[in-house]
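None of these values were measured; they are calculated from a predicted model. Residues take their numbers from the sequence shown, with the count starting at 1. For ligands, and for the atoms within them, numbers begin at 1 and follow the listed sequence. Excluded from the calculations below are hydrogen atoms, water molecules and symmetry mates; all remaining heavy atoms, backbone and side chain alike, are included.
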Amino acid sequence: MDMQRVPAREGNYNLKNYDELRSTFKWEDVHKHFSWNETGKVNIAYEAIDRHAENPEKKDKVALLYSAPGREESLTFSDISKKSNQFANVLKKYDVQKGDRVFLFMPRSPEFYVSFFGILKTGAIAGPLFEAFMEQAVRDRLQDSEARVLITTPDLLERVPQEDLPDLEKIILVGNRSEPSDKYIDFYEEMEVASESFDIEWVDLEDGMLIHYTSGSTGKPKGVYHVHNAMIQHYVTGQWVLDLKDDDVYWCTADPGWVTGTSYGVFAPWLNGVTNVIRGGRFTPEDWYSTLDKHNVTVWYTAPTALRMLVSAGEGLVKKYDFSSLRHVLSVGEPLNPEVVTWGLKAFDLRIHDTWWMTETGAQLIVNLPSEEIRPGSMGKPIPGIEASIVDNEGNEIPPNQMGNLAIKAGWPSMMRAIWNNPSKYDSYFINGWYVSGDSAYRDEDGYFWFQGRLDDVINTSGERVGPFEVESKLIEHPAVAEAGVIGKPDPQRGEIIKAFITLNPGYQESDELLEDIRQFVKTGLSAHAAPREIEVRDSIPKTRSGKIMRRLLKSWELGLPTGDTSTLES
Ligand code: ATP
Ligand code: MG
C-alpha cells in the first residue's frame, strides 16, 4: 500500500527498544510483577483489584470512572474490592463452586464489574454476554456453557428462555421484579446483608477464568475458554502496547461481552492500577468526543467501525472538543484503513495504532508500538515473546511478500486452553506447532504484517488473489463512500468478480455517474483487476454486534444461500 509512513514520535514510552527486548525477553521475566510469584497464591481478581486495595497509596485511587446517560459513579480499588467480596459471598451462599459457569447478561454498569470480580473470587468461570443479544443468542450460549447462575436485569430477563435451560438454577436480578420465585435472587437485597470480607479462592494459573463467545463473523460463535495465566500477557501488553502509566486515564470503548472489553476493558488497566473510564449507552460521535474531553482521557482503545463513523461525522465536530489530554490511540477488531490513520493525524494530531489479535489469542499479538514507525494498512509486528509467520496449509513457513495463513507459534500465556464442548474444533487450530488464525496476510522484508482478509473472504479473480480489505480501504478514500464491504461473486469467465456494497456519506445521491467515478477511483488508485465490477449502494452494511463487517452475509444474500448463524447480527 502506497502510503506515507508515519515515524514514531519522541516520548517517554514504557517500551523503547523493541528489537533489543525481542531477542532477550522471556515470559518468565514478567512473573516478578505478580504477588503470586512470592506467595504462590493465584487469582487474577486479587492481582487486578485486591492487591491495590491493600496498598495504602493505591486503595483510594479511582479505579472505575463510570458514566452513562442519567448515571455517574466512581469506585476506588477499595470499593470494588469490598463490593466484589460481598458479591462473592452472595454466590457462595447459593453454593457456587470453583469451575461453575456463572454468566452475566447486563448493560455496562458498576454492578457488572463488581459481579464479574465476585465470580472470579469464588474460582468460578465468568461468561459475559453482550446486552443486545436476543433470545436465540442467549439460549445457545447458556446451553453450550451449561451455566448454573445468571446475573441479569428484569428488562433483559424476557430474553432468557428459562424453559430451555435445565442447568440454570439461579437468576440474580439487578433491579426489582414484583413476581416472587424460588429461582430469582435480588442483587441489592443480598448485597446489603453480605459481608465485605471474603476468603478468596486461590486457584492454579491453569484454572478456568472466562468463557467468551467469538463474534460470529464467519459462522457459529465458539466458546473460547481462558485461564488465569492470561494475566501475564494482559499486564505486559498494558505496559508495552497501551503504554499505561500510573497517572493515565484510560478508556476502552469495547463492551465486556467481547474479549476486548475484558482483556483490555478490565484486566490490562487494573492489573496496571490505572483509572478506567467506562461509558454506558449507545455510540454517537458527539457522545464519544465529549467523553474523551470531559474525562481528560489520555489513552484510548477503540475500533475501526467507530473511527469510520467519526470520520463520516466530519471535521467540524472535531473542532468543538478539547483533546489535549489524549496522548495515545489504538484500534482493534478489524483492519484499520489507511484513510483512518491519515484522518487521525489531522483530527487529533496523533497516530492511531492498529493491534491484531482474536478471542482465541486472549491478548494482543501483532501490534504497532508507540516507539515504532507505522506503515498505514499494516497491523505492525509481533510483540516480544511472540513468534508469528505466514504458513501454507501444511504449516510450512513461506517467504516474505506472499499471501498465506497468518500463524503464531503455539504456547503464549493468554492462548485459549479449549473450545468449550468442542475438542476437535480446538485441535483444528493447530498445525505443525503453529496456531493457524484463519486470517490471510503477508509479511514484508522488515517484519511488518499486512492483513488481507479472512481466508474465506480472499477473492480469486482472473487468476489474481485479491484481499477485500485493500479494496474496501480504497473505496472509503472516495469522498462519497462511508463504508464498504467487498466480496467475490462467482463468475463463469473470471472465477470470481469483485462486488462492492457501499453506504454513502451524507450529501451524496446514488447515480450511474457516481458509481462509475468510484469504480475509476479504485482502478486508478489501486489496480484494474481490483476495481469492483459491481457496486451496490445500501442503507447499511451488515455487521456483527461487535462492529465487524459480515462479508459472509453479503455473500449469502447475493447468492440467495442460507444465511447460517446470525445471532450476532446487529439489527
Ligand atoms: P468468529 O470467529 O466467530 O467468526 P471473529 O473472528 O470476528 O468471529 P473475534 O475473535 O472477535 O471474532 O475477532 C478476531 C478477528 O477479527 C481476527 O481473526 C481478524 O479477522 C479480525 N481482526 C481483529 N483485529 C484485527 C486487526 N487489527 N486487523 C485486521 N483484522 C483484525
Ligand atoms: Mg474468528
Side-chain angles (χ1 to χ4, degrees), residues 1 128 130 137 140-141 144 210-226 241 254-264 301-305 307 329-338 340-341 352-368 374-383 388 405-408 414-416 419-420 422 425-426 428-429 435-442 448-458 467-470 472-473 542-553 564-570:
M1 212 159 280
F130 186 40
D140 286 351
R141 287 158 183 75
D144 183 63
L210 198 57
I211 295 176
H212 263 300
Y213 286 85
T214 55
S215 289
S217 310
T218 56
K220 195 171 170 59
K222 303 162 280 272
V224 174
Y225 173 72
H226 286 292
V241 186
D255 188 272
W258 311 112
V259 70
T260 306
T262 55
S263 294
Y264 294 98
Y301 199 7
T302 188
T305 178
L307 290 166
V329 183
L330 308 98
S331 167
V332 68
E334 279 193 298
L336 183 65
N337 317 87
V340 177
V341 178
I352 303 178
H353 300 75
D354 190 16
T355 63
W356 176 89
W357 56 292
M358 309 166 65
T359 310
E360 293 90 332
T361 73
Q364 296 158 340
L365 298 179
I366 300 181
V367 305
N368 288 279
I374 287 179
R375 303 184 176 180
S378 161
M379 55 206 200
K381 300 199 262 183
I383 59 168
N405 305 314
L406 174 58
I408 310 292
S414 67
M415 191 176 90
M416 64 171 169
I419 297 287
W420 195 259
N422 199 343
K425 179 78 201 170
Y426 180 78
S428 72
Y429 282 86
Y435 163 88
V436 179
S437 67
D439 285 347
S440 152
Y442 70 87
Y448 280 78
F449 283 78
W450 299 77
F451 179 87
Q452 299 298 296
R454 311 285 184 139
L455 275 179
D456 300 342
D457 293 339
V458 172
F469 170 55
E470 240 185 354
E472 290 163 6
S473 283
K543 288 197 209 117
T544 65
R545 298 226 177 242
S546 53
K548 295 159 190 277
I549 294 171
M550 283 171 109
R551 293 181 194 82
R552 71 169 162 102
L553 218 58
D565 187 295
T566 53
S567 64
T568 64
L569 178 67
E570 191 183 64

Which heavy atom in [X] sits nearest to a heavy atom in [Y], and how many Å separate them?
X      : Y      : value
Asp565 : Arg552 : O-NH2, 2.8 Å
Glu472 : Arg551 : OE2-NE, 2.7 Å
Gln364 : Val241 : OE1-CB, 3.2 Å
Tyr426 : Ile419 : CD1-N, 3.7 Å

(message) For Tyr435 and Met416: C-alpha separation, side-chain torsions, deciding distance, then whether side-chain contact (heavy atoms from CB on, under 4.5 Å) applies.
(response) CA-CA 11 Å; Tyr435 163 88; Met416 64 171 169; 4.0 Å; yes

(request) Determine, for Phe130 and Arg545, whether the Lys NZ or Arg CZ falls below 6.0 Å from the six-membered ring centre while staying within 45 degrees of the axis. (result) no

(request) Verify whether one side chain among Thr355 and Tyr301 offers a donor that lies under 3.5 Å from an acceptor in the other. (result) yes

(request) Indicate whether any N or O donor in one side chain lies under 3.5 Å from an N or O acceptor in the other, for Asp140 and Tyr213. (result) no

Kindly confirm or rule out an N or O of [X] lying under 3.5 angstrom from an N or O of ligand 1.
X      : value
Thr214 : yes
Ser331 : no
Gly216 : yes
Gly333 : yes

Residues 215-224 side chain polar contacts: donor-acceptor under 3.5 Å, at least two apart:
| from | atom 1 | to | atom 2 | distance (Å) |
| --- | --- | --- | --- | --- |
| Ser215 | OG | Ser546 | OG | 2.8 |
| Ser217 | OG | Arg454 | NH2 | 3.3 |

Atoms of ligand 1 close to [X] [distance to a heavy atom under 4.0 angstrom, numbered from 1]:
X      : value
Trp357 : 14 (C), 23 (C), 24 (N)
Lys222 : 1 (P), 2 (O), 3 (O)
Ser217 : 1 (P), 3 (O), 4 (O), 5 (P), 7 (O), 8 (O)
Thr355 : 24 (N), 26 (C), 27 (N)
Met358 : 10 (O), 14 (C), 17 (C), 18 (O)
Thr359 : 9 (P), 10 (O), 11 (O)

Counting non-hydrogen protein atoms only, what is the nearest one to [atom]? Give residue, atom name and distance.
atom                    : result
atom 25 (C) of ligand 1 : Trp356 CD1, 3.5 Å
atom 26 (C) of ligand 1 : Glu334 O, 3.4 Å
atom 6 (O) of ligand 1  : Arg454 NH1, 2.7 Å
atom 4 (O) of ligand 1  : Thr218 OG1, 2.4 Å
atom 13 (O) of ligand 1 : Lys548 NZ, 2.8 Å
atom 11 (O) of ligand 1 : Ser215 OG, 2.8 Å
atom 29 (C) of ligand 1 : Pro335 N, 3.2 Å
atom 18 (O) of ligand 1 : Asp439 OD2, 2.9 Å

(request) Have a look at ligand 1 and work out which part of Phe451, if any, has a heavy atom under 4.0 Å from it: side chain, backbone, both or neither. (result) side chain

(request) Could you check Asn337 against Phe469 for side-chain contact (heavy atoms from CB on, under 4.5 Å), going step by step and ending with a plain yes or no? (result) CA-CA 8 Å; Asn337 317 87; Phe469 170 55; 3.6 Å; yes

(message) The criterion is side chain to side chain contact (heavy atoms under 4.5 Å, CB included); which residues satisfy it with Val329, sequence neighbours excluded?
(response) Trp300, Leu326, Leu350, Ile352

(request) Output the distance between atom OG (Ser414) and atom CH2 (Trp357), rounded to the nearest 0.5 Å. (result) 8.0 Å

